[in-house]
There are 2 protein chains.
Amino acid sequence: MGLSIGQVAERTGLSVHALRFYEREGLLADQVRRESNGRRVYSEDDVGWLAMCIKFRSSGMPLDTIRQYTELVRKGAGNEADRLALLRSHQEHIAAQIEELQEAMRVITHKVTIYEEHVAAGTASCLWTTPNEEPGKELSA
Amino acid sequence: MGLSIGQVAERTGLSVHALRFYEREGLLADQVRRESNGRRVYSEDDVGWLAMCIKFRSSGMPLDTIRQYTELVRKGAGNEADRLALLRSHQEHIAAQIEELQEAMRVITHKVTIYEEHVAAGTASCLWTTPNEEPGKELSA
DNA sequence: ACTTGACCTAGACAACGCTCTAGCTTTTAC
DNA sequence: GTAAAAGCTAGAGCGTTGTCTAGGTCAAGT
């Protein structure tokens, strides 16, 4: 039931350093328990919370915002609307990122296509002799 | 036809600082021309190239990788296969990012839904009195 | 003449998110 | 009993990606 920092590191993928760092930064919803000797004992809840933090991070939420969210939760019931606002705003942020990535993907896929043609056409025989021409100018158009 | 650094900043959205920084970092395909007084003069091609760099950056390509790509292009024809490999690898990277974001989006949308219910149900009357309970435990399941 | 504003270089500084070190204690395995 | 492994704190260090400052040049407007 109680996990050591090493075990938590293993199953979250975070380093033990990062785990201590997150704790210092106030990202953990509730105080991590300690053994008599001072070692941290993580509960399953702690691990669950960390998993959520990792999802937040992996979608580009800054530690600072995670801390804000954590603080809301720590304050307990009554600020659900605030939490919701924060979550929604992050949702929008994710959506924007996805769009941006998709747009970049389109552009790059286009470039890839062009290069594929070039490479297929000229593998052994280098036909087009425009050294500094880059199939990327279509971007400016 | 020739643009000042300020004009380029305006139309790329990069700061003049960033433009000089990018140049120092070797991200520009061809040497930026200078006026007799030493001021930079950007061509439309330069701006096009910068637009591409921005797309790369916005999809998470590190400056270092952009520099590698730039170097390939600078070397001229003959390494198209290398450029293609780099682009493809970035394509995969983008795809992975999109998936990660979509996964995070699912999780967060789920949380949002739960909060919406809670907020709708208990706006004025705080019904559920479990202060430290966070609708996020479902993550660990 | 003089001020304003855009530009130049070189280099310091900064935010973010960890990561690592030093120096020490405790636990575990042999 | 002893050595290796794991933990602790406090704080330094670092890679990335810019941003900002200092100190100076240059051109244009008033």
Side-chain angles (χ1 to χ4, degrees), chain A residues 2-28 31-43 46-47 49-70 90 93 97 100 104, chain B residues 2-28 31-43 46-47 49-71 90 93 97 100-101 104:
Chain A
L3 300 163
S4 73
I5 195 171
Q7 291 172 315
V8 174
E10 214 173 304
R11 67 188 75 178
T12 59
L14 295 168
S15 70
V16 294
H17 300 292
L19 284 169
R20 289 192 278 245
F21 171 68
Y22 278 18
E23 185 178 335
R24 270 208 302 281
E25 291 296 301
L27 302 190
L28 271 65
Q31 181 104 335
V32 178
R33 276 178 305 147
R34 301 292 184 124
E35 278 183 308
S36 51
N37 56 26
R39 296 188 173 193
R40 291 170 178 80
V41 183
Y42 292 82
S43 67
D46 292 331
V47 175
W49 183 266
L50 281 165
M52 192 194 61
C53 291
I54 289 167
K55 278 276 167 278
F56 282 164
R57 283 290 303 128
S58 77
S59 51
M61 187 186 283
L63 294 191
D64 194 62
T65 307
I66 302 183
R67 177 170 30 239
Q68 285 170 37
Y69 184 76
T70 304
H90 188 55
H93 182 218
Q97 283 181 87
E100 193 148 37
Chain B
L3 301 163
S4 72
I5 195 170
Q7 292 172 316
V8 174
E10 214 173 304
R11 63 188 77 180
T12 59
L14 295 168
S15 69
V16 294
H17 301 292
L19 283 168
R20 291 192 277 246
F21 171 66
Y22 278 19
E23 184 179 336
R24 272 208 303 280
E25 292 296 302
L27 302 190
L28 271 66
Q31 183 104 335
V32 178
R33 276 178 305 148
R34 300 291 183 125
E35 276 184 309
S36 51
N37 56 24
R39 296 189 175 193
R40 291 170 179 81
V41 182
Y42 292 82
S43 68
D46 292 331
V47 175
W49 183 266
L50 280 167
M52 192 194 60
C53 290
I54 290 167
K55 277 277 168 278
F56 282 166
R57 282 290 303 128
S58 77
S59 51
M61 187 185 282
L63 294 191
D64 194 63
T65 308
I66 303 182
R67 175 169 33 238
Q68 286 170 38
Y69 184 75
T70 304
E71 271 159 18
H90 187 55
H93 183 217
Q97 282 182 88
E100 192 148 38
L101 285 173

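Scope of the values below: all heavy atoms of this structure, side chains included, with no hydrogens, waters or symmetry mates. In what follows, chains are A, B, ... by sequence order, proteins preceding strands, each numbered from 1.
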Using whole Å, what does the distance between atom [atom2] of nucleotide [N] and atom [atom1] of [X] come to?
X	N	atom1	atom2	answer
A:I66	C:dG17	CD1	C1'	11 Å
A:E23	D:dG11	CD	P	16 Å
B:E25	D:dT19	CD	P	13 Å
A:Y42	D:dG7	OH	C1'	11 Å
A:R67	C:dA15	CZ	C1'	13 Å
A:L19	D:dC8	CG	C1'	14 Å
B:R57	D:dT16	CZ	P	11 Å
B:E35	D:dC26	CD	P	13 Å

Please tell me if [X] has a side-chain N or O lying less than 4.0 Å from either OP1 or OP2 of [N].
X	N	result
B:R40	C:dC8	yes
A:S4	D:dA6	no
A:Y22	C:dC18	yes
B:N37	C:dC8	no

[X] and [Y] ion-paired at < 4.0 Å:
X	Y	result
A:R67	A:E23	no
B:R40	B:E35	no
B:E25	B:R57	no

(message) Hydrogens and angles aside, do A:T65 and A:H90 bring a side-chain donor and acceptor to less than 3.5 Å of each other?
(response)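 No, no side-chain donor-acceptor contact under 3.5 Å.
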Using a cut-off of under 3.5 Å, enumerate the N/O to N/O pairs linking the protein to nucleotides 28-30 of chain C.
none

(message) Distance check, rounded to the nearest 0.5 Å: A:Q7 atom CD versus A:Y42 atom OH?
(response)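 Between atom CD of A:Q7 and atom OH of A:Y42 there are 11.5 Å.
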(request) To the nearest 0.5 angstrom, please state how far the CZ atom of A:R33 sits from the CG atom of A:L3. (result)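 A:R33 atom CZ to A:L3 atom CG measures 9.5 Å (nearest 0.5 Å).
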(request) Map B:D64 and A:R34 onto DNA chain D by nearest heavy atom, then report which one ends up closer to the 5' terminus. (result)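 Nearer the 5' end of the strand: A:R34.
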(message) Reading DNA chain D from 5' onward, which residue's closest nucleotide shows up sooner: B:R39 or B:M61?
(response)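 The 5'-side residue here is B:M61.
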(request) Return the set of residues passing side-chain hydrogen bond (donor to acceptor under 3.5 Å, both in side chains) with A:E100 (not counting sequence neighbours), or none when no residue passes. (result)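 Counting only residues at least two positions away or on another chain, A:E100 forms no side-chain hydrogen bond (donor to acceptor under 3.5 Å, both in side chains).
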(request) Answer yes or no: is there a donor N or O on one side and an acceptor on the other, between the side chain of A:R39 and the main chain of A:S4, under 3.5 Å? (result)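 Between the backbone of A:S4 and the side chain of A:R39 there is no qualifying donor-acceptor contact (under 3.5 Å).
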Which protein N or O atoms sit under 3.5 Å from an N or O of nucleotides 19-23 of chain C?
from	atom 1	to	atom 2	distance (Å)
C:dT19	OP2	A:S15	OG	3.3

(request) Run the numbers on B:Y22 and B:L63 for side chain to side chain contact (heavy atoms under 4.5 Å, CB included), then give the verdict. (result) CA-CA 8 Å; B:Y22 278 19; B:L63 294 191; 4.2 Å; yes
